[in-house]
Undergrad: 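I have a structure I would like to understand better, so I am pasting it below and will then ask my questions one at a time.
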Amino acid sequence: CGGELHFDIRSQFLKCAHCGNTHELMENDGRVDERDLREALRLLQLNKQSHEQAFIDIDKEITCQNCGGNTTFSGSLTAEKGPYCATPIQLDDVHDAPERLPVDGVLPFSIDDKQAKELIGKWISGRWFAPTEFKTYGRTGAFSSVYMAYFTYDADARTQYTGRRGDYYTVTVGSGENRRTETRTSWRRASGTVNNSFDDITVFANEGFERNRIAKLEPWPTETAKPYSAEYAAGHLRRTYDLDVEECLPEATAQMEAAITQTVRQDIGGDQQDINSMSISWLKMTYKHLLLPIWLLTVIYEQKPFQVYINGVTGEVHGSRPYSKVKILIAVMLAALVIVVVVIAVSASGSG
């Protein structure tokens, strides 16, 4: 019929919003390619990246005038409010998207709109002290399907370390009534080499969100990601990254170094370990730029945005919500009333 197609989550096909006809996606075969991280960092430093993106339409980008968030979308725009702060979208907010590092892969939504709303409803209904206005999010908030930007890192590391191994032993000291057993530690030097291999260390590349809550949506089944095609994003919002592959690297290396430290402690053995030095050689480092699916609810309450996130694959829900002062006051009064009734009952029983 000439209408625009969007990615239909339930059927996993492209679907026309007007006539309902579906079409299979023109999927790219094979795995998501990994890119050499060192080369990417070099190009970033030289500011000579080449951007190769294959969109089915010219991409547009929404810049929210309230929170400053940028969102790229392909095909039909499905939201009338900004997904991050629930501010109405104005025509002047839409412009051509700037060049970005190419997207390597996408993890398609598998939780559809109906399922997501059921999950949100269940989550909100369990928040007893949430204001009524928050629970009527359908009228007061923005609920959108958004592909968020992530970088994943793979690496092989060889680490030489020096340290000490501590082994517990017991001794008997004192005499008579003061005779007792003490636990002491025998220390000896330790050194060695350990190897670690890391696969898909995931780092969230967007700002303006509660990163601690976003992190609780993990783990992501990144092994099932598909080579990027704009068809997956058609009809859904797509958040462009705020932090590039170099800016996200420290968070990834911090996770890797923590794992390496644990490996070194295991290699030292004993009851206690004291690490003096670790010399890490990064043998191979690659990355992927992925789009991961999140259902995002944003509700404005007393001029402050509250966000709830749903993992678009696993259905994991985490978020923040306001507290109703009225409901809390009523709960306190009821609790006080119960205490008074109990005290009166106990007193009456005692006097009888």
Side-chain angles (χ1 to χ4, degrees), residues 64 66-69 79-88 109-146 148 180 183 202 204 206-220 239 251 254-255 258 262 292-352:
C64 178
N66 186 41
C67 68
E80 296 178 354
K81 299 178 182 179
Y84 317 120
C85 63
T87 300
F109 276 94
S110 59
I111 301 293
D112 64 19
D113 178 83
K114 181 180 179 181
Q115 293 171 310
K117 288 181 177 178
E118 290 175 352
L119 290 168
I120 281 287
K122 183 178 180 181
W123 187 87
I124 289 179
S125 65
R127 273 62 195 171
W128 295 343
F129 294 112
T132 303
E133 295 87 341
F134 182 75
K135 294 191 174 184
T136 58
Y137 68 90
R139 298 193 304 269
T140 60
F143 190 54
S144 307
S145 52
V146 185
M148 297 291 191
R180 64 190 183 280
T183 300
T202 306
F204 184 51
N206 290 128
E207 295 183 318
F209 301 92
E210 298 175 279
R211 299 184 69 88
N212 61 325
R213 299 188 190 277
I214 290 284
K216 292 179 180 179
L217 298 179
E218 297 184 9
W220 291 94
R239 182 71 187 247
E251 183 176 335
Q255 294 183 46
Q262 185 61 30
L292 303 184
I294 292 178
W295 283 98
L296 173 63
L297 169 65
T298 303
V299 178
I300 301 297
Y301 182 75
E302 294 185 347
Q303 299 182 340
K304 181 181 178 181
F306 293 86
Q307 295 176 326
V308 183
Y309 315 96
I310 303 177
N311 185 314
V313 178
T314 66
E316 187 74 20
V317 183
H318 290 280
S320 60
R321 48 95 160 111
Y323 289 87
S324 171
K325 296 178 182 178
V326 174
K327 290 184 178 181
I328 293 175
L329 178 60
I330 292 174
V332 171
M333 294 174 64
L334 288 174
L337 180 61
V338 170
I339 293 174
V340 170
V341 170
V342 171
V343 170
I344 292 175
V346 170
S347 300
S349 174
S351 62

Undergrad: Measure the CZ-OG1 distance between Phe209 and Thr298 for me, rounded to the nearest 0.5 Å.
TA: 7.5 Å
Undergrad: Roughly how far, to the nearest 0.5 Å, is CD of Gln307 from CD of Glu210?
TA: 6.5 Å
Undergrad: Please round to the nearest 0.5 Å and tell me the distance separating atom CD1 of Ile120 and atom CG of Leu297.
TA: 5.0 Å
Undergrad: Is it the case that the side chain of Trp295 and the backbone of Ile111 share a donor-acceptor pair, with hydrogens and angles ignored and the cut-off at 3.5 Å?
TA: yes
Undergrad: Return the CD to CZ distance between Gln115 and Phe109, rounded to the nearest 0.5 Å.
TA: 12.0 Å
Undergrad: Do the side chains of Pro293 and Val313 get nearer than 4.5 Å, heavy atoms only?
TA: yes
Undergrad: Where is the tightest heavy-atom contact between Glu218 and Thr202, given as atom of each residue plus distance?
TA: OE2-O, 4.1 Å
Undergrad: Nearest 0.5 Å please: distance from the CD1 atom of Ile294 over to the CD1 atom of Ile214.
TA: 4.0 Å
Undergrad: Return the OH to CZ distance between Tyr309 and Arg213, rounded to the nearest 0.5 Å.
TA: 8.0 Å
Undergrad: Where is the tightest heavy-atom contact between Lys216 and Glu316, given as atom of each residue plus distance?
TA: O-CG, 3.8 Å
Undergrad: Kindly say whether Asn206 contributes a backbone atom to a donor-acceptor pair with the side chain of Arg211 at under 3.5 angstrom?
TA: yes
